[in-house]
There are 2 protein chains.
Amino acid sequence: MRMSELSATTGTPVPTLKFYLREGLLPAGERTSPNQSQYDETHVARVRLVRALLDVGGLSVAQASAVVGALDDDSVPLSTTFGIAQRAVTQPAAPAASRGDGAQRIAALCARQGWNVHPYNPGLTMAARVIDTYSALGVELITDAVLEQYAQAADLVAAADLEAVASAHDEAQMTSVVVVGTVLGDALFAGLRRIAQETESFRRYPLPEGTPAPGDLYNPEES
Amino acid sequence: MRMSELSATTGTPVPTLKFYLREGLLPAGERTSPNQSQYDETHVARVRLVRALLDVGGLSVAQASAVVGALDDDSVPLSTTFGIAQRAVTQPAAPAASRGDGAQRIAALCARQGWNVHPYNPGLTMAARVIDTYSALGVELITDAVLEQYAQAADLVAAADLEAVASAHDEAQMTSVVVVGTVLGDALFAGLRRIAQETESFRRYPLPEGTPAPGDLYNPEES
DNA sequence: ATGAGATGGATACTAACACTATCGATAGTG
DNA sequence: CACTATCGATAGTGTTAGTATCCATCTCAT
């Protein structure tokens with residue numbers, strides 16, 4: 001398969017493919033002559049993966065590059081692949097930026113949940129930062145009860161994630177599922193959360209008669 | 001309070017504040033003369049909110065602008081504020097882009113979960129798109145069982161979200177909690193999910209003796 | 001075999017985004 | 001009354017994610 005065919009198959013312009021080659025997102029094809037290369041199905045899959053990470057997962061090119069780098073490195077045991085994928089997709093927060101009690105609250109939550117996690121896990125910083133941000137905004141409604149309910153939900157999702165990983169056919173697919181799932185799972189859950197929020201919102205606060213439905217606020221002037 | 005003091009209090013440079021004023025992220029102060037304005041605590045809070053949306057929530061300036069716009073518009077009933085916040089923070093996906101069965105699967109999931117949601121809810125598109133993306137990547141491991149576990153988790157989180165909203169002191173704070181919670185909740189859950197994933201991963205796949213711990217893969221050369 | 005079109009590699013350019021800097025006219029302050 | 005601060009406008013900067021152009025091959029249909 002030549003580059004134009006790779007472009008046609010994936011719907012990605014040739015200059016963009018060249019860009020991905022330059023950035024290391026896409027491995028070079030097999031060179032058949034000094035300026036000819038052959039691409040195959042793995043390249044098609046890789047381009048689709050990259051587009052998924054960028055478009056759906058919202059990663060930057062640099063982050064996506066780190067992710068596919070982890071995918072290509074099969075020397076890493078599966079147990080640690082999560083960490084690599086997580087670190088790749090989680091932007092490193094300013095380390096000493098959080099001077100709130102977020103870190104302690106998250107640590108206490110981990111203890112209550114029986115979570116045993118490495119201190120470098122980026123989720124710790126991420127969650128602590130959010131807690132601190134709530135405090136800084138004066139929103140003190142994120143009680144430990146709320147936090148624990150989030151934690152239970154996280155346990156549920158993590159169990160589902162690992163279940164999906166476990167049902168993979170081989171080690172290579174497992175790794176791929178881990179990496180893809182880490183990124184796409186965030187988006188999937190965010191979408192479901194929005195649906196559940198709306199349902200729960202109407203359950204608690206039914207619209208009075210005659211009030212415009214929320215869908216009527218859909219702004220068609222944006223299109 | 002003058003602009004320099006607002007800048008000092010929030011740790012945001014004066015030119016940036018001017019930029020936020022231009023972009024409508026920050027309302028103008030009370031003008032005391034043609035070129036003097038007074039700012040108050042509401043401006044301090046607003047700047048902190050904007051920084052939280054941008055830095056922690058990862059929103060763009062345009063998205064943050066839409067969010068604070070929804071905050072400022074108190075003519076909207078609370079029941080629909082979620083929808084506005086959601087639409088503001090969810091990038092509109094290409095509408096006809098998904099030709100997979102993601103939309104049907106999500107619709108079926110909603111039916112099973114008893115979710116009653118407006119068709120314009122951005123979570124529907126978002127989740128459907130993720131499902132389609134999994135399919136396009138050849139990862140067929142997101143079974144309905146996995147999806148349902150995600151949905152249960154989403155219910156849990158949504159209930160916690162609405163619980164937090166319900167405990168707000170007044171309508172204004174409620175709206176604020178809705179908007180902030182929609183954005184920060186995604187980040188909070190993502191962090192907790194990473195922690196739960198690592199815990200669950202080690203539970204299922206314990207490291208063999210002598211294998212480097214995942215934290216040892218923490219790459220200090222990045223700093 | 002030969003000319004139209006594609007390819008690889010290099011370089012340069014562009015649009016969008018989030019600031020950042022400068023300017024000129026005025027306003028408040030010691 | 002010097003001096004800094006402010007407002008509003010305009011312009012410039014650095015980063016990101018591509019696009020575009022060139023050119024010396026290379027391929028393939030005639």
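Computed from a predicted structure; not experimentally measured. The chains referred to below are lettered A, B, ... by the order of the sequence lines, with proteins before strands, and numbering in each begins at 1.
Nucleotide D/dT6 holds its C1' atom 15 Å from the NE2 atom of B/His43, rounded to whole Å. Rounded to a whole Å, the CZ atom of A/Arg51 is 12 Å from the P atom of D/dA17. B/Arg31 places its CZ atom 16 Å from the P atom of D/dT6, with the value rounded to the nearest Å. When rounded to the nearest whole Å, the span between CD of B/Glu23 and P of C/dA16 equals 14 Å. One can place CD of A/Gln38 at 12 Å from C1' of D/dC26, the figure rounded to the nearest angstrom. Taking atom CG of A/Leu6 as the reference point, atom C1' of C/dA6 lies 14 Å away to the nearest angstrom. One can place CG of B/Asn35 at 14 Å from C1' of C/dC23, the figure rounded to the nearest angstrom. Regarding B/Gln36, its CD atom lies at a distance of 8 Å from the C1' atom of D/dC7, rounded to whole Å.
For B/Pro34 and A/Ala62, each mapped to the nucleotide of DNA chain D holding its nearest heavy atom, the one lying further toward the 5' end belongs to B/Pro34. Looking at which nucleotide of DNA chain D each of B/Glu5 and A/Pro15 is closest to, the 5′-most match is held by B/Glu5.
Side chain of A/Arg193 to backbone of B/Thr182: a donor-acceptor contact under 3.5 angstrom is found. Under the 3.5 Å distance criterion, the side-chain polar atoms of A/Thr199 are matched with a main-chain donor or acceptor of A/Ile195. Formation of a donor-acceptor pair under 3.5 Å by the A/Ser176 side chain with backbone atoms of A/Ala172 is not found in this model.
Taking only side-chain nitrogens and oxygens, A/Thr32 never comes nearer than 4.0 Å to OP1 or OP2 of D/dC26. For D/dT6, the OP1/OP2 oxygens have a side-chain nitrogen or oxygen of B/Ser4 closer than 4.0 Å. For the pair A/Tyr20 and D/dG18, the criterion of a side-chain N or O lying under 4.0 Å from OP1 or OP2 is met. Remark: B/Ser37 is not in phosphate contact with D/dT6, judged by side-chain N or O atoms under 4.0 Å from OP1 or OP2. In this model, the phosphate group of C/dG8 is approached by a side-chain N or O of A/Tyr39 to a distance below 4.0 Å at OP1 or OP2. A sub-4.0 Å separation between OP1 or OP2 of D/dT27 and a side-chain N or O of A/Ser33 is present.
For A/Arg2, the side-chain atoms get nearest to C/dT7 when compared with the rest of C/dA21, C/dG8, C/dT7. The side chain of B/Met3 approaches D/dC7 more closely than any other nucleotide in the set D/dC7, C/dT7, D/dT19. Among the nucleotides C/dC19, C/dG8, D/dT19, the one closest to any side-chain atom of A/Phe19 is D/dT19.
Between A/Phe189 and B/Phe189, the two ring planes are parallel [angle under 30°; tilted spans 30° to 60°].
If you check C/dG30 for Watson-Crick or wobble pairing at under 3.5 angstrom, you find it paired to D/dC1.
Between the side chain of B/Arg22 and the base of C/dT20, a donor-acceptor pair under 3.5 Å is found.
Heavy atoms from other residues, nucleotides or ligands lying under 6.0 Å from CD of A/Gln38 number more than 12. Crowding of B/Gln104 atom CD: a count of heavy atoms from other residues, nucleotides or ligands under 6.0 Å exceeding 12.
Backbone-only engagement by B/Leu54 is indicated by non-hydrogen atom pairs under 4.0 Å involving sugar-phosphate atoms exclusively.
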